[in-house]
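Notes follow once the structure below has been shown.
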Amino acid sequence: MDAAPLPTAGPDHHIPQLEAAQHALLRLVTVMLDGDDEREVLWGAMAAIAATGPFTAEAAYAVHDGLARRCPPSRVAASTAVKQGSAAASEPAEADPTGEPAAEAPAAEEVAADRLDRRISALDGYSRHLHEPGGLWVQAIALRYRDHCFGYLVVRSPTAPSAEETALTDLLAQQTGIALARLTGSRGEPARAGPESSPGIGDLPGTGSRSPTAGPGASVSALTSRLALHDALSRAAASGRGEAGILQILHDNTGFAARTEDRFGNPRAWAGPGRNEPRRGPGGGPPPGPENRRQDALMHSARRRPGAVRDRDRLVVPIQMAGDLLGVIALVDPNRRATETDSSALEQAALVLAPLLSHERKLAELEPHLRRDLVNRLIAGEATNDVFTQAAALGHDLHRPHKAAVLEWPGTTERAALGDAVARAARRLHRDVLVGSRGATTVVLEADEDRRDPGGELYRAVSDELGTRAGSMGVGGRCDVFTELPHSYDEAVRALTVRRRSQDPNGSTSFEDLGLCRMMGSGEGAREADRFVREWLGLLLDYDSHHHTELVTTLAHYLESGCSYDTTSETLLIHRSTVRYRLQRIREITGHDLGAVETRLNLHIATRIRNVLDAPR
């Protein structure tokens, strides 16, 4: 039968958007499914797809015995819609009714058409992007039924289509595959056997209940139902109800419990009765090896074969975006009552969920980068008032007083792992933090709520998350405005340096608790502290090192006790005469007069520094 004029195919003739083309869409789908010629079906499908978005026709191909053959549009369509010079018009020329040969296409267009033919011939039976950087968006849409590809539609667009337009295109492509399968069956071509199933994984029983040779009226009715379900699923996604809302629509539509899982088989969301617990192995650990291998086999089968596959008591469809497996969606069907309509609803839900989960994953990947960038700007003094908006978008109130902290954990294999541990620990302690990094250290900006804890609580929580206390933490002073954060960060770095150089490097140190040692944190202050210790204690340190004595320790306790022989002997558990002897040796080695007030002060400071820092010997 002759096809009705198709309002598409020209490269410069765009079909109105879906809201203005619903009636035309159903009419075109009727033409597509009622046709008895594959060329009419292909170009009818092309027109229907053009009605869903800013698509224009590039070419159509039928596949026979694995070979793709270009199909030009019908003469009716060409005379009403295909403009000369378009890709569709540059198909192999046909003689017109008068017998006059058609004009040859320009050489450049012939080269482009030949190149496109070669690219289509190289495809593996699945849809592929064909566009090149800087060019228009071009897609080869595979028209599949079961495990066979019956053709391709090549469409282009000035911009990438939306997720809804892509989902509708996939839906129409599925229906076109059924129509082409019907034509193949009517010509008596042999059916192709599908791939073998993995153990415990099979095709959907009863999927043959609706044959591709079913009448076009039934196909149009089924497509209308699919469009209505797709609209309900899209509305659920747009409403902000996320996975739970989409699964609820699927449950209401099919009557089966619906669930989503991550790619490892762990539950994400559920709708319907009988919610079960996450997969767990013995003792609450991860699933055993055989179960993991079975899950891998399921994922491989589900991705390799179109449509739903059976996995024991459920039907499963992978959720994919641009070839990336995001998870699976399943209907719980222990009695194997699901029909092909239920399977189709499951596939549609997977199409709607794909952009939602992809966006969620991108946000999860992007948020740590945004946090690190914001933290770096704040501690570098490069932030402006727009940081309040950026912090609020990340769920953080920057108007409150803050303090900086820096952490190093040598036992952590990756810096990102330490940052994640800090974030988890902060959530557990109900603390509001921004986590970033600078060099080898992890930087934390914490809202300061007048806590007296100098970081010890957070340090212990991070230690618990990592399973080791082999880390160091320095905490800076409180600042009331974000412009003071660079100063707090510098104080935290100095506190961390003091902590790491101390005789007990593992733990947390606050800059406010350093006292005299504040000047020793880093840079020139640290070098001056080392020189000071060397100047006053260098000879004693060398003597202790060579003779295995404890003169520096004795001197430190003597000065701390207020120069008391009795207190020093009690503290060191030595005789009073031993204290007197050691002090005499100190006078002889250093030449210092321990009776001079200024000398005692300098020695006291030097021993204090030495007790905090592991000063060079």
Decide yes or no for Leu315 and Val309: does some side-chain heavy atom of the first lie under 4.5 Å from some side-chain heavy atom of the second? no

Show your reasoning for whether ring-ring contact (aromatic ring centres under 6.0 Å, His included) applies to Phe388 and His399. CA-CA 7 Å; Phe388 291 114; His399 290 87; 4.1 Å; yes

Test: Arg494 cationic atom under 6.0 Å from Phe511 six-membered ring centre, within 45° of axis: no

Between Asp542 and Arg534, does a salt bridge (charged side-chain N to carboxylate O under 4.0 Å, His left out) hold up when you go through it step by step? CA-CA 10 Å; Asp542 292 342; Arg534 191 68 200 174; 2.7 Å; yes

With Val435 as partner, the option from Leu418, Val422, Val443 fulfilling side-chain contact (heavy atoms from CB on, under 4.5 Å) is Val422

Any chance the side chains of Arg377 and Gln390 put a donor and an acceptor closer than 3.5 Å? yes

Got Ile379 and Pro486 here, is their nearest side-chain heavy-atom distance under 4.5 Å? no

Checking Arg500 side chain against Glu408 main chain: does a donor-acceptor pair fall under 3.5 Å? no

Indicate whether any N or O donor in one side chain lies under 3.5 Å from an N or O acceptor in the other, for Thr554 and Arg582. yes

Report the C-alpha separation of Val597 and Arg600 in whole Å, then their side-chain angles, then the decisive distance to 0.1 Å, and conclude whether the side chain to side chain contact (heavy atoms under 4.5 Å, CB included) test is met. CA-CA 5 Å; Val597 175; Arg600 286 203 307 268; 3.9 Å; yes

To check you understand the geometry: which heavy-atom pair defines the closest contact between Ser358 and Leu326, and what is its length? N-CD1, 3.6 Å

Are Arg259 and Glu243 side-chain neighbours, meaning at least one heavy-atom pair lies under 4.5 Å? no

Looking only at side chains, do Ser561 and Ser564 share a donor and an acceptor under 3.5 Å apart? no

What's the verdict on salt bridge (charged side-chain N to carboxylate O under 4.0 Å, His left out) for Arg400 and Glu446, showing C-alpha distance, side-chain angles and the deciding distance? CA-CA 10 Å; Arg400 291 174 292 173; Glu446 179 183 0; over 6 Å; no

Quick one: do the Thr384 and Asp386 side chains pair a donor with an acceptor below 3.5 Å? yes

Under a plain distance cut-off of 3.5 Å, with no hydrogens placed, do His575 and Ser577 share a side-chain donor-acceptor pair? yes

Can a donor-acceptor pair be found, under 3.5 Å and without considering hydrogens, that links the side chain of Ser472 to the backbone of Leu496? no

Does a side-chain heavy-atom distance below 4.5 Å link Asp432 with His396? yes

Side-chain donor-acceptor pair present, Asp544, Thr549, cut-off under 3.5 Å: yes

Side-chain contact test, heavy atoms from C-beta onward, threshold under 4.5 Å: evaluate it for Cys563 versus Leu559 and give yes or no. yes

Carefully, step by step, assess Ile329 and Val316 under the rule side chain to side chain contact (heavy atoms under 4.5 Å, CB included). CA-CA 6 Å; Ile329 182 171; Val316 176; over 6 Å; no

Non-hydrogen side-chain atoms of Thr568 and Arg576 separated by less than 4.5 Å: no

Arg469 versus Tyr459, side-chain donor and acceptor atoms under 3.5 Å: no

Backbone of Leu485 reached by a side-chain donor or acceptor of Ser488 within 3.5 Å: no

Are Phe482 and Asn385 close enough that some pair of their side-chain heavy atoms sits under 4.5 Å apart? yes

Thr509 and Arg499: side chain donor to acceptor below 3.5 Å: yes

With a cut-off of 6.0 Å (strictly less than), are more than 12 heavy atoms of other residues, nucleotides or ligands near CZ of Arg235? no

Where does the angle between the aromatic ring planes of Trp536 and Phe532 fall among parallel (under 30°), tilted (30 to 60°) and perpendicular (over 60°)? tilted

Dump the intermediate steps for salt bridge (charged side-chain N to carboxylate O under 4.0 Å, His left out) on Glu535 and Arg531, then the final yes or no. CA-CA 6 Å; Glu535 177 183 348; Arg531 284 195 288 266; over 6 Å; no

Looking at Ala461, is its backbone amide N or carbonyl O close enough to the side chain of Arg428 to form a donor-acceptor pair, meaning the two atoms are under 3.5 Å apart? yes

Apply salt bridge (charged side-chain N to carboxylate O under 4.0 Å, His left out) to residues Arg478 and Glu512 and explain how you reach the verdict. CA-CA 9 Å; Arg478 185 174 186 265; Glu512 295 175 348; over 6 Å; no

Would you name the heavy atoms of Leu572 and Thr553 that are closest together and state the gap between them? CD2-CG2, 4.2 Å

So Val406 and Val444, do their side chains get closer than 4.5 Å, heavy atoms only? no

